[in-house]
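What follows is one structure encoded as structure tokens, with my remarks underneath.
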Amino acid sequence: MTDYDVLRVFCGPNGGYGKELGVVRDGSVLPGPGDRQELAAKLGFGETVFVDDPERGVIDIYTPTQRLPFAGHPCVGTAWLLDVPELVTPAGAVGARLDGEFSWIEARAEWAPAHTLRQYPSAAEVDALEAPPLGERGEVGVPSDEVRGRIYAWAWEDEAAGRVRARAFPGPDAGIEEDEATGTAALLLTDRLGRALNITQGRGSQILTAPQPHGWVEVGGRVHLER
């Protein structure tokens, strides 16, 4: 079996929750996309990262079913693991920095896959949404013809303070469970609202964001090494 690290990204303040990520530090052991896709499917993480150049931060990201040009939680986690000033992805160069307990990346909204951002009147209504059974569609009240990608259900917990409650559900592409922490959706929401956010997603994961000049957005969170 190929050696790989397991991280949890976007952990809560007490170190719990977060979303698992697999990172193969020596991508040369599986240089071909077919072999990488096979391993990503076998491992079963939401995303698996293959590091092709640890000094330059060149990475390759796979879900169990496809290759991604960019993804939020893989970049936040890998930036923390490699401790480099940037990551090089097919979408573009992703700025990276460590600041105390948080790992930050800087990326662009147009790099993120489509999400349906659905605002609800209260955090309690987001909490009350029922996740669909695995393999079934989960429009959670959104007309099916309006759904693009995953549905990011969100509400203000404290609008003045920028505190958001969010959950992410599968859209038309069934076969995935509710997503515990979604960096790309947080990036898109920040770009839309144009303000810094403190997002609690899923059971208790935390994502911090901040808009930057010229269309860039910072996304940050805590990262823990599982093994």
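By the 4.5 Å heavy-atom criterion applied to side chains, Y4 and L39 are not counted as neighbours. In this structure, the side chains of V24 and Y62 stay at 4.5 Å or more apart for every pair of heavy atoms. Side-chain contact check for W156 versus V164: some heavy-atom pair is nearer than 4.5 Å. A 4.5 Å side-chain heavy-atom check between R36 and R67 finds every atom pair outside the cut-off. Under the 4.5 Å side-chain criterion, counting only non-hydrogen atoms from C-beta, I105 is in contact with F70. No side-chain heavy atom of L81 sits less than 4.5 Å from a side-chain heavy atom of V223.
Of all non-hydrogen atoms in L187 and A107, the two that sit nearest each other are CD1-CB, 3.8 Å. Taking every heavy atom of both residues into account, H115 and A185 meet most closely at CD2-CB, 3.7 Å. The nearest pair of heavy atoms linking V84 to E55 is CG1-O, 4.0 Å. Between P69 and P90, the closest heavy-atom pair is O-CD, 3.4 Å. The nearest pair of heavy atoms linking P64 to A41 is O-CB, 3.4 Å. In this structure, T89 and C75 approach most closely via the heavy-atom pair CG2-SG, 4.1 Å.
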Verdict with reasoning, R150 to T184, per side chain to side chain contact (heavy atoms under 4.5 Å, CB included): CA-CA 11 Å; R150 293 180 181 177; T184 49; over 6 Å; no
Check against side chain to side chain contact (heavy atoms under 4.5 Å, CB included), I199 and Y152: CA-CA 12 Å; I199 300 169; Y152 199 63; 3.5 Å; yes
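Side-chain N or O atoms of Q37 include one that pairs as donor or acceptor with a backbone N or O of T63 at under 3.5 Å. Of the possible polar contacts, none joining the E20 side chain to the G46 backbone as a donor-acceptor pair under 3.5 Å is found. With hydrogens and angles disregarded, a donor-acceptor distance shorter than 3.5 Å links the side chain of R222 to the backbone of C11. The main-chain N or O of G215 is never found under 3.5 Å from a side-chain atom of E110 such that the two would form a donor-acceptor pair.
Between L68 atom CG and D60 atom CG the span is 9.5 Å, to the nearest 0.5 Å. Here the straight-line distance linking atom CG of L7 with atom CZ of R227 works out to 10.5 Å at 0.5 Å rounding. A distance of 8.5 Å separates CD1 of I151 from CZ of R118, quoted to the nearest 0.5 Å. In this structure, the separation between CG on L188 and CG on L193 is 11.0 Å, given to the nearest 0.5 Å. One finds the CG atom of L117 at 6.0 Å from the CG atom of L189 (value rounded to the nearest 0.5 Å). Atom CH2 of W216 is separated from atom CZ of R108 by 5.5 Å, given to the nearest 0.5 angstrom.
Cluster membership check: V6 shares its hydrophobic cluster with L43, using side-chain heavy-atom separations under 4.5 Å among Ile, Leu, Val, Met, Phe, Trp and Tyr. Side-chain heavy atoms closer than 4.5 Å link hydrophobic residues (I, L, V, M, F, W, Y) into clusters, and following such links, possibly through other members, connects V9 to L98. With hydrophobic clusters built from ILVMFWY side chains whose heavy atoms lie under 4.5 angstrom apart, V76 shares a cluster with V51. No single ILVMFWY cluster, assembled from side-chain heavy atoms under 4.5 Å apart, contains both W104 and V219. Linking ILVMFWY residues whenever their side-chain heavy atoms come closer than 4.5 Å, directly or via other members, leaves V58 and L30 in distinct clusters.
Under the 6.0 Å distance and 45° angle rule, R165 does not count as a cation-pi partner of W154.
F10 and H73 have tilted rings, their planes meeting at an angle from 30° to 60° on a 0 to 90° scale.
Of the options I207, D158, T209, L208, a side chain to side chain contact (heavy atoms under 4.5 Å, CB included) to N198 is made by L208 and by none of the others. When each of R167, K19, R203 is tested with E180 by the rule salt bridge (charged side-chain N to carboxylate O under 4.0 Å, His left out), just one qualifies, namely R203.
With sequence neighbours excluded, no residue satisfies ring pair (Phe, Tyr, Trp, His ring centres under 6.0 Å) with W80.
Checked for salt-bridge contact, R25 and D3 miss the test: no charged N lies under 4.0 Å from a carboxylate O.
For F45, the CZ atom is densely surrounded, since the number of other residues' heavy atoms within 6.0 Å is greater than 12. The environment of R192 atom CZ is sparse: at most 12 non-hydrogen atoms of other residues, nucleotides or ligands sit within 6.0 angstrom.
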